[in-house]
Amino acid sequence: MARQHDEHESHGSLKSYVIGFLLSLVLTAIPLVVVLNDLMEGTPAKVLLLGSAVLQFVVQLFYFMHLKEEKKPRYNLMVLLLGIAIVLTIVAGSIWIMTYNKVA
Amino acid sequence: MAHANHTSSAAHGHGHDDGHHDPEALRMMGFWIFLITDCILFGTLFATFAVLHGSTAGGPTPSELFEMGGVIAETFILLTSSFTSGLAVLSMNRGDRKGLIGWLAVTALLGAAFIGLEVTEFVKLVDEGAAISTSAFWSAFFTLVGTHGLHVSLGLVWMISIMLQLRKRGITPVTRRKVGIVSLYWHFLDVVWIFVFTIVYLMEVM
């Protein structure tokens with residue numbers, strides 16, 4: 001009973017969760033150390049911070065949420081990509097418009 | 001699977017899939033779609049925050065008031081709870097009900113600690129003169145962080161009710177799906193928090 005369910009919905013092994021957890025800890029620690037010790041400034045710092053956050057998002061998608069193990073057709077992945085496209089449009093579009101549309 | 005023929009590849013792996021989909025798997029997929037729409041909700045709040053982040057109207061600024069100690073603790077607590085909710089799913093896959101309920105309880109306790117720290121932080125901010133009505137920045141801040149906190153609080157209630165169901169009914173296909181969904185929700189909240197931590201806290205004190 002338990003065996004036959006292993007393949008779908010709740011996959012994953014202890015190893016994948018531990019790897020995901022360790023990678024997440026490292027990816028949280030790096031930006032924290034950089035910010036608390038003022039190691040970087042300006043745009044490079046922002047790129048590093050956002051980069052670590054996005055990487056951690058990917059780590060959690062693969063190691064915690066098991067996106068890679070989804071069987072075809074990959075509906076979950078498709079919905080996710082659509083959602084990301086909408087979010088990026090909203091965020092980048094808002095920032096863009098409000099930056100260049102200031103009435104001085 | 002190696003041949004990747006389009007229609008029949010879905011039929012591999014589970015025993016009871018003769019043409020139509022497993023309803024529990026379909027519910028799982030429906031929940032995934034909800035999570036994506038929730039992402040869009042947070043996306044609009046992040047966009048608002050990004051646009052308003054300099055608008056403190058001469059009032060208190062985030063770099064004066066943010067205390068990173070509590071925020072760092074919240075971050076590691078929520079990250080650990082995301083891991084323990086994964087351990088709960090692993091116990092469930094082994095058919096270990098005690099382990100499952102135990103790890104869910106650890107997850108819920110960590111979640112409660114997170115909420116406790118967040119409420120303490122909010123009370124302190126309001127005491128120091130930064131309430132939701134103080135300036136556009138603080139409105140955006142409390143709306144974004146508060147919405148995430150509400151999600152976590154709701155998740156706590158939900159997780160406790162699933163623990164009660166598990167104690168009563170054991171691990172059935174239905175409770176199995178519910179545990180899978182709540183742990184997915186919990187991972188999602190951790191992912192949102194990563195961006196809150198980075199964009200709201202780290203970038204403001206930088």
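Numbered from 1 within each chain, the chains take letters A, B, ... in sequence-line order.
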At their closest point, which heavy atom of Pro31(A) faces which heavy atom of Leu202(B), and how far apart are they? CB-CD1, 3.9 Å

Heavy-atom distances under 4.5 Å only: say whether Leu25(A) touches chain B with side chain, backbone, both or neither. both

Which atom of Leu90(B) lies closest to which atom of Tyr17(A), heavy atoms considered: CD1-CD1, 3.6 Å

Relative to chain A, which segment of Phe188(B) carries a heavy atom at a distance below 4.5 Å: side chain, backbone, both, or neither? both

Heaviest contributor of heavy-atom pairs below 4.5 Å to chain B, chosen from Ala53(A), Gly93(A), Ala29(A), Ser94(A), is Ala53(A)

Can you establish whether the number of heavy atoms outside Arg167(B) located under 6.0 Å from its atom CZ is more than 12? no

At a heavy-atom separation under 4.5 Å, does Ser183(B) approach chain A through its side chain, its backbone, both, or neither? neither

Using non-hydrogen atoms and a 4.5 Å limit, figure out which bit of Thr44(B) sits close to chain A: side chain, backbone, both or neither. both

Answer with side chain, backbone, both or neither: which region of Val79(A) has an atom nearer than 4.5 Å to a non-hydrogen atom of chain B? both

Checking Ile72(B) against chain A: side chain, backbone, both or neither under 4.5 Å from a heavy atom? side chain

Enter the distance from Ile199(B):CD1 to Leu49(A):CG here, rounded to the nearest 0.5 Å. 9.5 Å

Starting at CD1 of Ile194(B), measure out to OG1 of Thr28(A) and round the result to the nearest 0.5 Å. 6.5 Å

Report the option among Asp38(A), Val34(A), Leu50(A), Leu27(A) that has the most heavy-atom pairs separated by less than 4.5 Å from atoms of chain B. Leu50(A)

Minimum heavy-atom distance between Met65(A) and Trp32(B), given as atom pair plus value: CE-CZ3, 4.4 Å

For the pair Thr198(B) and Gln56(A), evaluate side chain to side chain contact (heavy atoms under 4.5 Å, CB included) and give the outcome as yes or no after the intermediate values. CA-CA 11 Å; Thr198(B) 305; Gln56(A) 195 171 336; over 6 Å; no

Locate the shortest heavy-atom distance separating Val87(A) from Cys39(B); write the atom from each residue and the value. CG2-O, 3.7 Å

If I take atom OG1 from residue Thr48(B) and atom CE from residue Met98(A), how far apart are they, to the nearest 0.5 angstrom? 10.0 Å

Honestly, the part of Ile86(A) sitting under 4.5 Å from a heavy atom of chain B is side chain

CZ/Phe49(B): more than 12 non-hydrogen atoms of other groups inside 6.0 Å: yes

Supply the atom-to-atom distance Phe64(A) CZ to Leu79(B) CG, rounded to the nearest 0.5 angstrom. 6.5 Å

Nearest 0.5 Å please: distance from the CD1 atom of Ile36(B) over to the CG atom of Leu82(A). 8.5 Å

Please assess Leu32(A) against Phe76(B) for the test side chain to side chain contact (heavy atoms under 4.5 Å, CB included), listing each intermediate value before the final yes or no. CA-CA 12 Å; Leu32(A) 201 53; Phe76(B) 284 106; 4.0 Å; yes

So which of Asn76(A), Val35(A), Ile95(A) has the biggest tally of heavy-atom pairs under 4.5 Å with chain B? Asn76(A)

Between Phe21(A) and Phe83(B), what is the ring plane arrangement, given parallel below 30°, perpendicular above 60°, and tilted in between? parallel

Atom CZ of Phe34(B) with >12 non-hydrogen neighbours under 6.0 angstrom: yes

Cut-off 4.5 Å, heavy atoms of chain B, and the answer for Leu67(A) is side chain

Smallest heavy-atom separation, Ala45(A) atom then Met206(B) atom, equals CB-SD, 3.7 Å

Residue from Asp190(B), Thr75(B), Leu41(B), Leu87(B) scoring the most non-hydrogen pairs under 4.5 Å with chain A is Asp190(B)

